[in-house]
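These notes are about the structure you will find just below.
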Amino acid sequence: MYVICKVDEKKCNGCKLCIWACPDPNVIVFDPDSKKISIHQARCKGCGLCVAACRQKALEIDAV
Amino acid sequence: MTRRMFKISAGFEEVMPPEYRELVEKGPFEKQLGVAELGTFKELLEEHPLCAGCGLALSLRLTLISLPSPEDTVIVGATGCSSLAFPQVAVHNIHSLFGNQNAVATGLKRALSLRFPDRAKDVVVIAGDGATCDIGLESVMHSWFRGEKLTTIMLDNEAYANTGGQESGMSQLGTVLNMAPMGKKFKKVAFPEVAKAAGCVYVAVAAPHQPRRLERSVRRAILIAREIGPTYVQLYTPCPTNYKFKPADTLSVIREQEKAGLFRPDEYLSPEAAAYIQQLEEAKG
Ligand SMILES: Cc1ncc(C[n+]2csc(CCOP(=O)(O)OP(=O)(O)O)c2C)c(N)n1
Ligand code: SF4
Ligand code: SF4
Ligand code: SF4
Ligand SMILES: [Mg+2]
């Protein structure tokens with residue numbers, strides 16, 4: 001089963017901790033207007049490092 | 001970083017891969033970007049085949065954005081997990097015979113200084129712990145003894161990861177791995193101390209759990225190597241695959257090892273290097 005990371009935008013406060021924890025480039029994208037992140041899911045390996053880094057519990061690993 | 005380096009020749013826009021076009025349009029060129037801006041531009045590292053949760057991949061990603069002038073940088077790599085990512089790196093890089101990295105870097109640095117006497121060209125070695133402290137030890141040490149103006153960065157996952165998990169000099173005492181079933185019989189080599197004694201004017205130990213500190217270490221190491229002498233940065237980059245922990249735990253493993261006293265972030269500057277950094281910081285205001 002393939003797993004990827006999903007974000008709950010309502011909980012995200014744009015702190016960027018997840019971006020600094022992700023071993024893969026260009027996966028987590030920060031939108032300077034909304035001050036929230038989005039995830040390029042085709043590039044995500046589902047490792048969960050971002051989930052562990054997020055203090056807002058805005059991220060989870062789920063089936064594709 | 002200048003956009004001209006990656007500009008697409010007229011008429012070829014349509015045939016270039018989308019990732020390349022994205023790099024030209026949204027890359028870090030001509031902007032002063034660092035770790036703080038990650039997530040807002042196209043990175044110099046493209047999708048790579050390293051394992052999920054790889055601490056080495058995260059450190060490489062952070063290191064690339066910390067280069068003070070990527071367009072004037074040549075990276076010299078070595079065999080190991082990182083060499084699987086280098087074909088995906090948009091900075092000049094060289095791969096040569098395993099263990100030769102600091103010898104290759106020496107020749108390259110000298111040639112670049114002759115060819116571009118008025119332009120700072122940074123030569124940065126990025127290699128594994130096996131490549132740096134074991135198999136390439138002789139070329140690493142002699143480049144330091146000779147005072148070559150190079151930066152050597154070790155991606156220390158405390159193992160020969162790419163070949164299935166043998167112990168390296170940098171593995172901790174007692175380490176058991178797939179191909180080290182008896183447990184390591186001697187202590188982790190105190191390589192930062194070796195680097196100081198061998199002539200490095202800047203030595204830092206960092207890890208990706210503190211990305212800003214990692215960035216500062218890499219930047220300082222490269223700037224100091226331009227003017228003063230050899231520099232060394234040791235990055236602790238845990239490997240979930242060989243150490244058999246969950247990929248989501250890579251950063252907590254660093255914190256646990258730090259708590260246990262088995263990893264200690266550190267920074268050493270020789271008096272000359274410290275004076276130079278102070279001068280740069282004062283000039284910046
Ligand atoms: C001259 C030579 N000797 C041995 C090897 C086999 N080899 C490939 S990768 C590797 C281990 C690399 O360990 P390290 O430098 O720590 O990198 P890692 O894979 O852990 O990132 C070895 C021994 C080789 N490719 N070339
Ligand atoms: S760590 Fe969490 S709160 Fe912070 S930017 Fe990422 S998803 Fe948003
Ligand atoms: S799960 Fe891993 S690869 Fe996916 S976004 Fe999070 S840190 Fe990046
Ligand atoms: S084996 Fe370890 S160091 Fe190599 S890519 Fe996988 S997680 Fe990274
Ligand atoms: Mg290694």
Measuring from atom CG of A:Leu49 to atom OG1 of B:Thr250, what distance do you get when rounded to the nearest 0.5 angstrom?
4.5 Å

For the side-chain contact (heavy atoms from CB on, under 4.5 Å) test, which of B:Leu38, B:Val35, B:Thr40 pairs with A:Ile19?
B:Leu38

Which answer fits A:Ile28, side chain, backbone, both or neither, if we ask what part of it has an atom under 4.5 Å from a heavy atom of chain B?
backbone

Neighbour count >12 (heavy atoms, 6.0 Å) for atom NE2, B:His92
no

What are the two closest non-hydrogen atoms of B:Gly53 and A:Cys47, and how far apart are they?
N-CB, 3.2 Å

Sub-3.5 Å donor-acceptor pair from the side chain of B:Lys42 to the main-chain atoms of A:Asn26, do we have one?
no

Test: B:Glu46 and A:Arg43 ion pair at under 4.0 Å
yes

B:Ala36 versus A:Trp20, closest heavy-atom pair with distance
CA-CZ2, 4.0 Å

Residue pair B:Ala57 / A:Pro23: nearest heavy atoms and the distance that separates them:
CB-O, 3.6 Å

Ignoring hydrogens and geometry, is there a side-chain-to-backbone donor-acceptor pair from B:His48 to A:Pro25 under 3.5 Å?
no

Is it the backbone or the side chain of B:Glu19 that comes under 4.5 Å from a heavy atom of chain A, or both, or neither?
side chain

Flag if over 12 foreign heavy atoms under 6.0 Å of NZ, B:Lys246
no

Check whether A:Val51 gets within reach of chain B through its side chain, its backbone, both or neither, counting any heavy atom under 4.5 Å.
neither

Counting heavy-atom pairs under 4.5 Å with chain B, the top scorer among A:Ala53, A:Ala52, A:Ala21 is A:Ala21

